[in-house]
2 protein chains.
Amino acid sequence: MTIDVGAHLKAVRTLHGLSQRELAKRAGVTNGLISLIEQNRVSPSVSSLKKVLDGIPMSLADFFTLDEVQGPDVFFDKETLPDLGSGPVSLRLVAARRGNRAMAILQERYQPGADTGEDMLSHRGEAGGIVCRGEIEVTIGSQSRILGPGDAYYFSSSTPHRFRNLGTEVCEIVSACTPPTF
Amino acid sequence: MTIDVGAHLKAVRTLHGLSQRELAKRAGVTNGLISLIEQNRVSPSVSSLKKVLDGIPMSLADFFTLDEVQGPDVFFDKETLPDLGSGPVSLRLVAARRGNRAMAILQERYQPGADTGEDMLSHRGEAGGIVCRGEIEVTIGSQSRILGPGDAYYFSSSTPHRFRNLGTEVCEIVSACTPPTF
DNA sequence: TGCCTTCGTCCATTATATTAGACAGCCAAT
DNA sequence: ATTGGCTGTCTAATATAATGGACGAAGGCA
């Protein structure tokens, strides 16, 4: 999916009834830059594009998601779910592909020995999940525990955390977090 | 909603078990650039970031929509999870019982022949889930579909919905809904 | 110990994004 | 026909992203 950032920005801008100069003023950039971006004469930096979109306003996630095919938003085949990692830890995302979702649902698979590491990002919001298969050691701040099938966790996501599969079996978790924008 | 592009890229990259150099080679950029991006010393152009993500591979939309799964504050043993019914449809509730949870997470088990009936209660909010085991027919509004392991659904709770296990095997689903209206 | 490889970071140069301001075209009201 | 305000485009200067190569640290192996 080749993204035509320029045409896309122009469409979004005009849809909101803004001129290049109006948007530039709101965004804190020059009108010339917006002109150049819309002609695809430059590829804006993420920070610049974010400034521009803030003037609309629109999130980066929404901007890049608008191009995606608008399939039925109720069912998701597992083949079409975005795969985030084919390594020791794999994630498959259900919702949150569109910006207006209230939450995201993930299927996580941890290979034996898999370790998310200590320095995971954390933001506002809450998250929780249920272990479906296998066992996994979950560490939150100072607390640590090994969860098995049927066990669960729930937390507000501002705490450092870590998932480690210490066993010899694959561990599967289904989790949800809200809000889905980070 | 300031996005930490650097930390996010690093998380995504390491989740895929790639080194900066490996990813750089796949993406057709230099390892130094990836280093600089991950340190937030530069804000990459959209074209550069796209090249980098193509090496993973991951779409820009997914990159800006997704973030890491967060860690837990609270653990739940499966024995302590409230069991809502032991009939053809059983539910085990993870969160939402205590305090002001943002959402509820449920483990649902449908025996063969189980049927939630036609007009499920509907409230405000959204719900979604992933099938973990077995198969189930899910009807949302006018759409109907049979989902298997790994398949998923997502809908706003005001839409009438129905779950029926037409097969001979137990079906397990992990679902989440917000706000927790149970 | 020494050698080799891979890791991530850093520096100087080059390529490119961004700015400030000028320009032509268009429409409405003199 | 002007003036004024608006549109989007373009150019030269400047800020910054991106490159290619060098560096030290860490790990495996002789």
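Residue numbers start from 1 in every chain, and the chains themselves are labelled A, B, ... in the order their sequence lines are given, proteins ahead of strands.
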Span of DNA chain C in contact with chain B (heavy atoms, under 4.0 Å): C/dC7 to C/dC10

Counting the atoms with a prime plus P, OP1 and OP2 as sugar-phosphate, which does A/Thr30 contact under 4.0 Å by heavy atoms, base, sugar-phosphate, or nothing? base

Inter-residue atom distance B/Phe163.CZ - B/Thr139.OG1, 0.5 Å rounding: 9.0 Å

Below 4.5 Å, heavy atoms only, C-beta onward: do B/His8 and B/Asp4 meet side chain to side chain? no

What pairs with A/Arg133 under salt bridge (charged side-chain N to carboxylate O under 4.0 Å, His left out), at least two apart in sequence or on another chain? A/Glu172

Can you find a heavy atom in the side chain of B/Tyr110 that is under 4.5 Å from one in the side chain of B/Ile173? yes

Applying salt bridge (charged side-chain N to carboxylate O under 4.0 Å, His left out), which residue pairs with at least one partner in residues 11-20 of chain A are found, sequence neighbours left out? A/Arg13-A/Glu38

Residues at least two apart in sequence or cross-chain that pass side-chain hydrogen bond (donor to acceptor under 3.5 Å, both in side chains) with B/Gln39, listed by chain then number, are B/Ser35

Quick one: side-chain hydrogen bond (donor to acceptor under 3.5 Å, both in side chains) partners of A/Ser45, sequence neighbours excluded? A/Ser47, A/Ser48

Roughly how far apart are B/Leu49 CG and A/Ser43 OG, rounded to 0.5 Å? 9.0 Å

How does each nucleotide of nucleotides 7-14 of chain D score, in 5' to 3' order, for protein heavy atoms under 4.0 Å: base (B), sugar-phosphate only (S), or none (-)? BBBB----

